[in-house]
Amino acid sequence: MSLYERIKEKISDSLVKAVEDAKVAGELNFETLPSFVLEEPREKLHGDLATNLAMVLTKQAKRPPREIANVIIKNFKLEGTWVISSEIAGPGFINFKLDPMWLTGIIPEVLQQADDYGHVNLGRGQKVQVEFVSANPTGLLHMGNARGAALGDSLASLLSAAGYEVSREFYINDAGNQINNFALSLEARYLQLLGKEVPFPEGGYHGEDLIDTVKGLISQFGDKYLTVEPELRREFLVRYALNEKMAHIRQTLADLGVNYDVWFSEQSLHDSGYVKSTMEELEKKGYIYEKEGALWLKSTLFGDEKDEVVIRSNGTPTYFAADIAYHRNKFERGFDKVINIWGADHHGHVARMKGAMAALGHDPEKLQIILMQLVRLIQNGEVVRMSKRSGRYITLRELMDEVGKDAARFFFIMRDPDSTVEFDLDLAKAESSDNPVYYVQYAHARLCSILRQAQEQNLASEGVPEDGELQLLTSQEERDLLKKLADLPGEITIAARLMESHRLARYVLDLAALFHTFYNSQRVLIEDENLRKARLALVRCTKQVIRNVLGILGVSAPERM
RNA sequence: GCGCCUGUAGCUCAGUUGGAUAGAGCAUCUGCCUUCUAAGCAGGUUGUCGGGAGUUCGAAUCUCUCCAGGCGCACCA
């Protein structure tokens with residue numbers, strides 16, 4: 001538990017003790033202690049911490065809240081709480097002021113824990129899988145995939161910092177209908193490029209990148225497949241193109257700083273007979289029925305709006321059937337939590353996927369699906385419709401070339417997955433240098449610069465300063481900064497519990513702002529040796545914390561800018 | 001039509017699951033570089049929290065209803 005959490009817990013305990021003592025003394029009447037909060041008031045004037053305990057007791061105690069607050073304060077014991085004063089305010093809040101010296105305790109904590117500072121043990125080593133992007137290998141990665149990549153990767157890192165054992169996974173959709181479609185599109189391009197007049201298949205993939213792929217193939221193999229049987233030709237084209245596309249996807253994601261633990265092939269589920277046996281399992285349990293020649297899953301039993309086809313009347317399994325098998329496989333691999341990041345256009349899929357897991361006897365609560373709203377691209381003031389089929393989209397690669405890896409990630413991580421982000425391309429280009437990510441990185445570079453100067457002037461100090469030195473950090477700017485540093489473990493806990501990495505982006509922006517304020521108001525490399533040592537320690541801690549958070553977000557922390 | 005998401009400053013977005021006078025960035029205006037990086041700082045301006053009703057000590061947050069936008073409701077994925 002972190003320093004700040006320990007203090008809060010101490011005060012909380014003292015509050016509980018106070019009302020219980022009051023009850024015994026006959027000063028307060030209540031049956032069961034209601035839940036109350038002890039939190040930082042928004043308004044600084046209201047002290048460091050405030051509780052609504054008196055207010056939530058009004059019903060049972062049958063007395064006005066301010067009167068109850070009085071009783072609580074009278075019985076409140078200060079020992080070990082760092083509380084130096086308490087007062088009743090507003091409708092009945094009790095506001096506490098802490099001895100500001102508690103804050104300096106954060107410096108040894110950060111320096112000792114270093115790269116691990118901020119890490120918490122919320123997960124207790126539970127195994128979690130995060131599956132994200134899982135883009136179809138039939139085209140290039142687009143803005144939606146970019147958002148999914150940034151969110152998924154930072155969420156995985158966040159959970160890892162919160163004490164979970166995390167595995168990142170990419171599901172390769174290398175089977176099914178879209179692959180047939182892909183084959184036909186490739187074949188048409190192949191024949192066209194070799195001078196044949198053939199029509200492009202309806203609903204095929206129009207992307208330019210497909211033509212490039214086929215050109216590459218032709219330069220390597222020529223017209224060798226012009227005369228072979230169409231079946232074999234398509235098989236070869238698909239194999240070649242899938243390899244090429246997947247290699248490209250891997251590389252692009254790696255360039256974005258995303259590295260997976262597992263690449264899982266959909267085709268492998270068909271090849272091993274796992275899709276089939278999973279359907280048989282469902283049938284055995286009585287959740288499958290036949291209608292109009294197809295096999296249906298009774299997903300309505302589990303809250304779905306309608307039943308779903310799993311095996312088509314032509315005998316082929318649907319995407320849903322393979323996905324059920326895939327998720328069953330995930331559960332069988334022993335994850336305590338399985339997280340999927342899906343585009344909002346898949347939300348209809350959520351209830352039936354959870355239902356299918358329940359049907360197979362797994363706990364659907366272990367499957368958590370984060371839906372992210374789609375990215376709307378604006379160019380020349382107009383919405384650009386993105387679609388793989390039409391081949392009209394801005395790629396992740398282009399985005400990175402335009403704004404850089406760090407900005408691309410930070411831009412998406414900053415936003416709540418539930419919000420539809422409007423990405424104005426022209427604006428992104430124009431504002432690429434005012435991106436908030438630079439604000440944070442600049443703070444880090446400044447911190448490094450101070451430490452470099454200290455080194456050069458032989459003023460650098462190692463280790464943890466004495467208490468007496470640290471207690472010289474008394475300015476408002478220093479205290480605000482220290483307080484923010486102390487907040488990190490709590491922020492990571494909340495962010496991990498809610499699975500919201502955007503909170504960390506806000507946190508690190510706030511931290512950077514507090515540092516810039518401090519930087520402009522006080523100098524670090526000063527004559528006074530004791531204060532200088534204390535400030536240098538503060539600088540080292542701030543640098544460490546920014547680094548740690550940027551590390552979780554997958555954004556680099558440059559030493560110079 | 002039904003379901004899910006969204007609606008907060010001129011623009012882009014936060015808001016710790018019900019707390020006190022709703023916050024940042026961009027934009028705009030005014031100051032600050034002979035001193036550790038001005039990609040910075042300080043200050044000014046900006047609000048019917050989409051509308052209405054309800055729940056209670058207290059609502060941007062919970063409930064209902066209406067309005068607007070997005071997405072979904074295939075033997076596509």
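Quick note: numbers below take in every heavy atom, side chains included, and nothing from hydrogens, waters or symmetry partners. Lettering of chains follows the sequences in order, A, B, ..., and the numbering in each one begins at 1.
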- Task: With heavy atoms under 4.0 Å as the rule, sort Val421(A) into base, sugar-phosphate or nothing.
- Result: sugar-phosphate

- Query: OP1 or OP2 of C41(B) less than 4.0 angstrom from a side-chain nitrogen or oxygen of Tyr439(A), does that happen here?
  - Reply: yes

- Query: Is the closest basic N to carboxylate O distance between Glu478(A) and Arg535(A) below 4.0 Å?
  - Reply: yes

- Query: G72(B) base stacked by His346(A)? Criteria: ring centres under 5.5 Å, plane angle under 30°.
  - Reply: no

- Does Asn95(A) make a side-chain donor-acceptor contact with the base of A20(B), cut-off 3.5 Å? yes

- Roughly, in whole Å, what's the span from CD1 in Ile526(A) to P in U35(B)? 18 Å

- Item | Rounded distance (Å) that lies between atom P of A14(B) and atom CG of Leu509(A) | 13 Å

- Item | Syn-anti status, with the boundary at 90° from 0, for the nucleotide C33(B) | syn

- Item | 5' priority, RNA chain B, between Gly348(A) and Thr51(A) [closest heavy atom] | Thr51(A)

- Message: Tell me if the side-chain of His347(A) makes a donor-acceptor pair with the base of G3(B), cut-off 3.5 Å, by modelled atom types.
- Response: yes

- Could you give the distance separating U16(B) and G7(B) at their P atoms, to the nearest angstrom? 12 Å

- Message: In this structure, how many angstroms lie between the C1' atom of G72(B) and the NE2 atom of His349(A), rounded?
- Response: 13 Å

- Message: Does Ala351(A) reach a base, just sugar-phosphate, or nothing at all? Heavy atoms under 4.0 Å.
- Response: nothing

- Message: Please classify the nucleic acid contact of Ala344(A) as base, sugar-phosphate, or nothing, using heavy-atom distances under 4.0 Å.
- Response: sugar-phosphate

- Query: Between Asn52(A) and Met55(A), is there a donor-acceptor pair closer than 3.5 Å when you use the side chain of the first and the backbone of the second?
  - Reply: no

- Task: Report yes or no: is the cationic atom of Arg352(A) (NZ for Lys, CZ for Arg) closer than 6.0 Å to the six-membered ring centre of Phe302(A), at no more than 45° off its axis?
- Result: no

- Going by atom types only, do Asn340(A) and His346(A) share a side-chain donor-acceptor pair under 3.5 Å? no

- Item | Who pairs with A68(B) - Watson-Crick or G-U, where each distance is under 3.5 Å | U6(B)

- Using 4.0 Å as the upper bound for N to carboxylate O, is an ion pair formed by Glu456(A) and Arg452(A)? no

- On a whole-Å scale, what distance lies between the P atoms belonging to U55(B) and A60(B)? 16 Å

- Query: Could a donor-acceptor pair under 3.5 angstrom be found where the side chain of Ser419(A) meets the base of C13(B)?
  - Reply: no

- Would you mind classifying the nucleic acid contact of Arg66(A) as base, sugar-phosphate or nothing, using non-hydrogen atoms under 4.0 angstrom? nothing

- Query: To the nearest angstrom, how far is Glu5(A) atom CD from U16(B) atom P?
  - Reply: 18 Å

- Task: Nearest whole angstrom, please: distance from the C1' of A39(B) to the CZ of Arg446(A).
- Result: 9 Å

- Would you classify Phe320(A) as touching base, sugar-phosphate or nothing, given that sugar-phosphate means primed atoms plus P, OP1 and OP2, and contacts are heavy atoms under 4.0 Å? nothing

- Rounded to whole Å, the CD-C1' distance (Glu266(A) to A77(B)) equals 9 Å

